[in-house]
Protein chains: 2
Amino acid sequence: MATIRDVSRIAGVSVATVSRTLSKPDKVSEKTRQIVQEAIEKTNYKPDILARNFRTRKSSTVVVLVPDIANPFFSRVIRGIEQSAQKMGYAVLLGDTQGLRDREITYANMVKTSQADGIIQLDCHIPFEDKNDRSAPIVNACDCVRGTDMPTVQLDNIAAAEKMANHLISLGHKNIGVISGPENSTITNDRLRGLKKALENAGLEYSPSNRMYGDYSIHSGAMAAVELLEKENPPSAIFCMNDEMAIGAIRQTKKMGLNVPGDISISGFDDINFAEFCDPPLTTISQPAEEFGTNAMTMLFELMNGTEPENKNIYLPFELVIRNSTGRARNDP
Amino acid sequence: MATIRDVSRIAGVSVATVSRTLSKPDKVSEKTRQIVQEAIEKTNYKPDILARNFRTRKSSTVVVLVPDIANPFFSRVIRGIEQSAQKMGYAVLLGDTQGLRDREITYANMVKTSQADGIIQLDCHIPFEDKNDRSAPIVNACDCVRGTDMPTVQLDNIAAAEKMANHLISLGHKNIGVISGPENSTITNDRLRGLKKALENAGLEYSPSNRMYGDYSIHSGAMAAVELLEKENPPSAIFCMNDEMAIGAIRQTKKMGLNVPGDISISGFDDINFAEFCDPPLTTISQPAEEFGTNAMTMLFELMNGTEPENKNIYLPFELVIRNSTGRARNDP
DNA sequence: GATAAAAATGTAATCAATTACATTTTAATT
DNA sequence: AATTAAAATGTAATTGATTACATTTTTATC
């Protein structure tokens with residue numbers, strides 16, 4: 001592989017001139033530029049980015065911490081990140097963390113070791129050994145930690161859940177079950193708060209025994225549905241905190257001989273690609289997945305360049321998408 | 001950030017000794033090791049990987065070229081890659097190429113610029129300007145180019161498609177439609193060959209007019225299904241080359257008032273997570289997605305270390321998964 | 001304790017680019 | 001043509017680790 005020295009020798013100029021031709025061509029005379037360009041082509045020179053990064057102390061790389069890359073929502077977010085990053089000249093390092101703190105820290109440390117310039121964290125954890133560590137540019141998207149000064153890109157999950165709950169309530173549902181995400185997730189807590197708020201406003205009671213925990217997988221949704229449906233006084237509607245669990249719940253419900261939404265309404269969250277195509281099509285909250293990624297990357301870009309983003313907490317819009325998995329409560333007039 | 005010099009100063013040893021303590025501790029006496037470790041802790045020293053990579057001329061990074069990260073099959077493959085890479089001490093750079101040659105080349109060039117040590121290509125293109133370029137370690141997985149010496153990890157798509165076709169034929173289907181992938185994909189061509197082979201063996205005719213093209217999206221499957229079902233002599237079964245298109249086709253078929261599989265059987269390919277949960281559950285070919293990733297990464301690792309893998313073309317097993325989207329042909333006794 | 005061999009440690013070059021600063025060339029002005 | 005300012009180019013230091021080679025220390029053997 002040819003180096004900048006080879007090019008400079010062949011062009012008969014100094015390495016500085018070659019370097020400038022590449023990075024600040026306006027500082028080089030037209031004539032010299034031409035000569036250098038020719039030498040570059042002749043030698044098929046490609047600047048060694050590793051050397052450049054080393055010298056300039058930046059890697060032009062961001063690392064993305066994602067709990068599960070195979071989750072269809074996250075994979076869309078990542079697509080958004082990648083697209084923006086590419087435009088801004090950044091490469092994207094993938095850190096599939098499985099939600100494990102160890103792995104998060106390992107990947108986040110890449111900033112300290114100069115392997116990455118910034119971090120996008122899609123889970124609600126601070127990925128540093130020392131929670132007050134401010135040394136690395138970081139943006140928290142999707143599931144965001146509360147009460148830190150990390151910039152965030154998020155949904156107003158309380159409002160979104162409230163909207164969904166109101167939809168169920170308006171259909172006459174009074175006994176609503178919940179298939180929630182893991183206990184310590186901000187997203188989960190906010191969605192629960194939204195649900196409670198709607199119930200309260202409607203003069204209905206929230207019963208903690210109506211809440212089952214899942215891990216966002218289809219399987220866990222099915223398991224949780226069994227628990228809910230075998231209760232003495234089963235709910236007439238199930239509010240699921242993501243689409244996969246809703247899909248699992250629907251399938252389980254049908255398996256148990258019940259009709260959706262005839263006997264029981266089931267709602268999801270996220271509006272993944274398949275939500276529209278399950279049977280019945282899923283009523284859900286749609287979120288602009290890619291935009292979580294593009295916004296997070298844009299904000300991180302500012303952070304990495306030392307400019308403070310004017311809006312440190314971006315809220316993206318959501319939409320209630322009513323399909324056929326929800327309907328009037330059975331005994332509602 | 002502390003450097004190796006800071007550590008050496010505090011420990012009262014040379015930088016070489018610090019370096020050795022980290023990389024070849026058995027070359028350093030127990031006593032010195034201890035002193036150095038203390039200094040490392042006191043200074044909270046983390047070796048600058050960028051500097052190390054620069055000096056050693058390797059980045060410990062591989063770049064993955066994927067046509068679409070949001071595709072559920074690919075995202076599982078990538079999960080497999082990430083898991084293996086992590087174990088081997090490699091980071092994974094994400095190159096979402098949208099199947100565009102330009103982007104593939106840009107990302108593949110990262111090896112030339114020392115940003116990556118190797119490439120995993122999940123599409124059936126050679127990602128180099130010069131097709132005969134051998135300078136970068138590369139493994140081709142999933143959709144593989146024919147007639148190159150790139151190592152591959154693939155499915156015997158001919159056999160798999162044949163198996164699926166035989167299943168349809170055994171159900172009495174004689175007029176089988178195809179919703180295929182893009183024309184120039186090896187996967188698509190092989191699956192078509194398998195289908196033809198099965199038809200031939202059964203004494204049935206393959207009619208090119210029964211083949212519609214999709215782009216692996218749900219939507220394109222639905223569009224193609226319309227074309228097939230509105231034919232004068234519509235097929236009684238549709239062989240789809242992936243699950244998403246099958247899901248689109250099922251939905252469209254139902255929309256048109258037909259029953260699946262009562263009126264028409266529909267089969268998929270890949271066995272994505274949702275295949276089991278659509279309605280009716282999809283008959284499909286299951287593939288070990290993660291293993292494409294782990295195998296590719298293992299092979300690439302060998303390549304990057306200069307050892308020739310003993311088996312340069314790995315074939316992974318598949319399985320025909322019969323669910324309810326396929327059934328007996330209508331007029332079959 | 002002398003000698004040799006082995007182990008431990010140190011010195012300084014090296015990797016390929018960027019860039020501060022110095023020098024030379026060109027252009028502008030009188 | 002002399003002078004000055006601006007533009008272009010060159011020189012060499014710099015980045016932080018690794019490592020070949022040199023030197024010192026330790027251990028083993030007689």
Side-chain angles (χ1 to χ4, degrees), chain A residues 1-40 43-61 89 109-117 135, chain B residues 1-40 43-61 89 109-117 135:
Chain A
M1 208 69 243
T3 73
I4 200 170
R5 285 224 141 58
D6 300 324
V7 177
S8 82
R9 199 174 325 114
I10 289 181
V13 300
S14 75
V15 291
T17 301
V18 178
S19 178
R20 276 188 289 255
T21 306
L22 255 30
S23 54
K24 341 184 158 70
D26 50 312
K27 294 265 169 216
V28 176
S29 77
E30 170 68 24
K31 188 157 33 114
T32 315
R33 227 183 306 158
Q34 217 112 56
I35 295 172
V36 172
Q37 279 302 351
E38 269 169 45
I40 287 177
T43 54
N44 190 27
Y45 168 69
K46 301 238 185 325
D48 185 318
I49 307 293
L50 203 50
R52 171 186 295 168
N53 290 348
F54 169 58
R55 173 58 226 250
T56 59
R57 308 271 68 218
K58 53 200 289 297
S59 61
S60 293
T61 298
N109 265 336
M110 290 185 146
V111 173
K112 297 204 194 310
T113 60
S114 315
Q115 284 177 106
D117 297 336
S135 57
Chain B
M1 209 66 246
T3 72
I4 199 168
R5 287 223 141 58
D6 301 323
V7 177
S8 82
R9 198 176 324 114
I10 289 182
V13 299
S14 74
V15 291
T17 301
V18 178
S19 177
R20 276 188 288 255
T21 305
L22 256 29
S23 54
K24 341 186 158 68
D26 51 311
K27 294 266 168 216
V28 177
S29 76
E30 171 67 25
K31 189 160 30 122
T32 316
R33 228 183 303 158
Q34 216 112 57
I35 295 171
V36 171
Q37 279 300 350
E38 269 169 43
I40 286 177
T43 53
N44 190 29
Y45 168 69
K46 302 238 186 323
D48 185 317
I49 306 293
L50 203 49
R52 172 185 294 169
N53 289 348
F54 169 59
R55 175 58 226 248
T56 58
R57 308 272 66 218
K58 53 200 289 299
S59 61
S60 293
T61 298
N109 264 336
M110 290 185 145
V111 173
K112 296 203 194 310
T113 61
S114 315
Q115 284 177 106
D117 297 337
S135 58

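Atoms considered below: every heavy atom in the structure, side chains included; atoms not considered: hydrogens, waters and symmetry mates. Throughout, protein chains are lettered first and strands after them, A, B, ... in sequence-line order, and every chain is numbered starting at 1. Here the structure is a predicted model, which is why all the values come from computation and not from measurement.
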### Task
For Phe54(A) and dC15(C), say yes or no: do the ring centres fall under 5.5 Å of each other while the ring planes differ by less than 30°?
no
### Query
With respect to the side chain of Arg57(B), which nucleotide from dC15(C), dT9(C), dA17(D) is positioned closest?
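Nearest to the side chain of Arg57(B) among the choices is dC15(C).
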#### Entry: Nucleotide nearest Tyr45(B) when distance is taken to its side chain, options dT18(C), dT15(D), dA17(D)
dA17(D)
I need the [atom1]-[atom2] distance between [X] and [N], as an integer number of Å.
| X | N | atom1 | atom2 | result |
| --- | --- | --- | --- | --- |
| Arg5(B) | dT15(D) | CZ | C1' | 11 Å |
| Ile4(B) | dT15(D) | CD1 | P | 15 Å |
| Ile40(B) | dA17(D) | CD1 | C1' | 13 Å |
| Lys58(B) | dT18(D) | NZ | P | 12 Å |
| Met1(B) | dG16(D) | CE | C1' | 13 Å |
| Ile49(B) | dT18(D) | CD1 | C1' | 13 Å |

With sugar-phosphate meaning primed atoms plus P, OP1 and OP2, does [X] contact a base, only sugar-phosphate, or nothing at under 4.0 Å between heavy atoms?
| X | value |
| --- | --- |
| Asp6(A) | nothing |
| Arg20(B) | base |
| Val15(A) | base |
| Ser19(A) | base |

#### Entry: hbond_proxy Arg55(A) side chain to dT15(D) base (donor-acceptor, 3.5 Å cutoff)
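Side chain to base: no pair present.
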### Query
Is a donor-acceptor pair below 3.5 Å formed from side chain Arg52(B) to base dT18(D), judging by atom type as modelled?
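Flag unset: no donor-acceptor pair detected.
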### Straight-line distance of Lys27(A) NZ to Thr21(A) OG1, nearest 0.5 Å
13.0 Å
### Task
Taking only the side-chain nitrogens and oxygens of Thr3(B), find out if one of them lies under 4.0 Å from OP1 or OP2 of dG16(D).
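No, outside the criterion.
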### Message
Taking only side-chain N and O atoms of Lys24(A), does any of them lie within less than 4.0 angstrom of OP1 or OP2 on dT19(C)?
### Response
yes
